[in-house]
Number of protein chains: 2
Amino acid sequence: MEQTGEDLMERRSGVALWRQVADRIRLGISNGTLGEGGRLPPEITLSQQFGVNRHTVRAAISALVQEGVLRAEQGRGTFVESRKRLAYPITTRTRFSTGLKDQTRARRVNLLRHVVEPAPTRVAEALQLEPGAPVHRLETLSEADGRCVSRGTSWFDATRFPGFADVFVETGSITASFARFGVDDYVRRSTLVSARHADAEDLDTLKLSPGAIVLVTIAINDDLDGRPIQFSETHFSADLVELTIET
Amino acid sequence: MEQTGEDLMERRSGVALWRQVADRIRLGISNGTLGEGGRLPPEITLSQQFGVNRHTVRAAISALVQEGVLRAEQGRGTFVESRKRLAYPITTRTRFSTGLKDQTRARRVNLLRHVVEPAPTRVAEALQLEPGAPVHRLETLSEADGRCVSRGTSWFDATRFPGFADVFVETGSITASFARFGVDDYVRRSTLVSARHADAEDLDTLKLSPGAIVLVTIAINDDLDGRPIQFSETHFSADLVELTIET
DNA sequence: ATAAATTTGTCCGTATGTATT
DNA sequence: GAATACATACGGACAAATTTA
């Protein structure tokens, strides 16, 4: 019942102590207060800092090792597997591949699902269609250097872009697909950014662990006549990505 | 895709089922798929949708009631306490007060701390000063309608803006303070957006509960000659704010 | 106005997971 | 690793408040 620090961890909060500790360690690494020189303090030190048992710290570290954030070496210590965030630029000419070209070797966009559906209200509004008009819904997973960067859902007017999904599968790129339909260029009209806890589908698709955060962007792209051609909601893994805005 | 009702929640993941359910409900509310007409489906229905026991759903709802997201009435149902996020616009002319003017009654920026310090490297870089040159550091708390919206730390060249903090205390506004120094206008050069778990200081200052998320913006403002005059890091409560970018 | 159906609130007991010593 | 205490999840039964028929 000895307690050096305060009760830093919240009990009865619905989040297991070991997971709270794991999140704190992750945070400490990302803002540089922990893991000086790539080496984590010994388990005993951490358990005192967080006011929990050493077993609990071990459970946290074990989870982070599993996740690839840490690497534990018996007798030597626990080390940080460093990796910096990708900077994803948001401009009038936002495109997935070109934006990350300088920072990554390999980029790929996979089509997870495709359906034609009646436009939900917010989609119809954004695309300036009648509510219920047929639209393509494409769910995609974007990878860069083998890491799952983002999960996106995009809607396109099915009347204007018949068979869009097939073209996308063939080209592997939104930009190239638009070109096939005579849209040689398009611009980002607006972007809404928010952040939340990853939901079950985020966890599954982006291979995140519970408690992880996603950056959510909701965007509208226009053709050069100012007509909306794409409405999309994208979930970025917040650990992997930051957004840059040049105004 | 219709959810069958099994295996949606992650067991043994370190996050209690009731908390996962709570997060899903919160998500469902914010994207409009749940809480049709302000009313949540009955507990039995939710428990079937999520594939958990009714008691588990009750635990989730109870937490959200505590949080002020929901309101439960015996015999009637459970209702959504609507409070929409503030849309914080990021443009070339980003200013706190004007940005939220249409959405809130009262806005205030409080000065929490002020020191003059030698510029840390990243600050010196951004402001194009010698490393270690004297800079003001102002830590502020922004409120709108009594809610803590964001916590900001800004740096200003102490040589160019002597006594900046005093002027800020007097005027209560960055824009007005700049005007006193002959800077009638300024523009947002760049903004970096990321998201992370709130740290101890965020929790304290913004009155958040553990596990909460903050949107972090790192921004540089230039005067009209293109010289950087302000470097700032702002933490927004992700539950209260979303960022809008018009490009 | 009354009864039935709905929906939230409370209680019991039991099994399993989590955290500490 | 073992023993202990507490938190979480489930199942069932019933009470209380409200709406519907």
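Per chain, numbering begins at 1; letters A, B, ... match sequence-line order.
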**OP:** Grab the CZ-C1' distance between B/R54 and D/dA9 for me, whole Å please.
**Re:** 14 Å
Subject >> Nucleotide C/dT8, atom C1' - distance to CG of B/L70 in whole Å >> reply: 13 Å
Original post:
Could you give the CZ-to-P distance, from B/R58 to D/dG12, as a whole number of Å?
Top reply: 17 Å
Original post:
Rounded to whole angstroms, how far apart are CZ on B/F50 and P on D/dA9?
Top reply: 14 Å
Subject >> Residue pair A/L206 / A/L141, side-chain heavy-atom distance below 4.5 Å >> reply: yes
Original post:
Whole-Å distance between D/dA7 P and A/W18 CH2?
Top reply: 19 Å
Extract from the structure each pairing of a protein N or O with an N or O of nucleotides 15-17 of chain D at less than 3.5 Å, listing the distance.
unit_1: D/dA17; atom_1: O4'; unit_2: B/Q74; atom_2: OE1; d: 2.8

**OP:** Would you check if there is a donor-acceptor pair between the side chains of B/W155 and B/E233 at a distance under 3.5 Å?
**Re:** no
Original post:
Among A/V241, A/T234, A/V214, whose side-chain contact (heavy atoms from CB on, under 4.5 Å) with A/S150 holds?
Top reply: A/T234
Original post:
Can B/T153 and B/E139 be counted as having a side-chain donor-acceptor contact under 3.5 angstrom?
Top reply: no
**OP:** Round to the nearest Å and state the distance from B/E43 atom CD to C/dT6 atom P.
**Re:** 15 Å
**OP:** Check the distance between C/dT7's P and B/R71's CZ and give it to me in whole angstrom.
**Re:** 17 Å
Subject >> B/T56 vs D/dT8: side-chain N/O to OP1/OP2 distance below 4.0 Å >> reply: no
Original post:
Whole-Å distance between D/dG11 P and B/L17 CG?
Top reply: 12 Å
Subject >> CZ/B/R108: more than 12 non-hydrogen atoms of other groups inside 6.0 Å >> reply: no
**OP:** Salt-bridge test for B/R24 and A/E201: reply yes if a basic N is under 4.0 Å from a carboxylate O, no otherwise.
**Re:** no
Subject >> Residue pair A/G172 / A/V109: nearest heavy atoms and the distance that separates them >> reply: O-CB, 4.2 Å
Original post:
Does B/N53 put a side-chain nitrogen or oxygen below 4.0 Å from OP1 or OP2 of D/dA9?
Top reply: no
**OP:** Could you tell me whether the side chain of A/E43 reaches within less than 4.5 Å of the side chain of A/L46, counting heavy atoms only?
**Re:** no
Original post:
salt bridge (charged side-chain N to carboxylate O under 4.0 Å, His left out) with B/D202: which residues, sequence neighbours excluded?
Top reply: B/R151
Original post:
Per the end-axis method with five pairs at each terminus, what is the bend angle of the helix from C/dT2-D/dA21 to C/dT21-D/dA2, to 10°?
Top reply: 20°
Subject >> Closest-nucleotide ordering on DNA chain D, the 5'-leading residue of B/H55 and B/A59 >> reply: B/A59
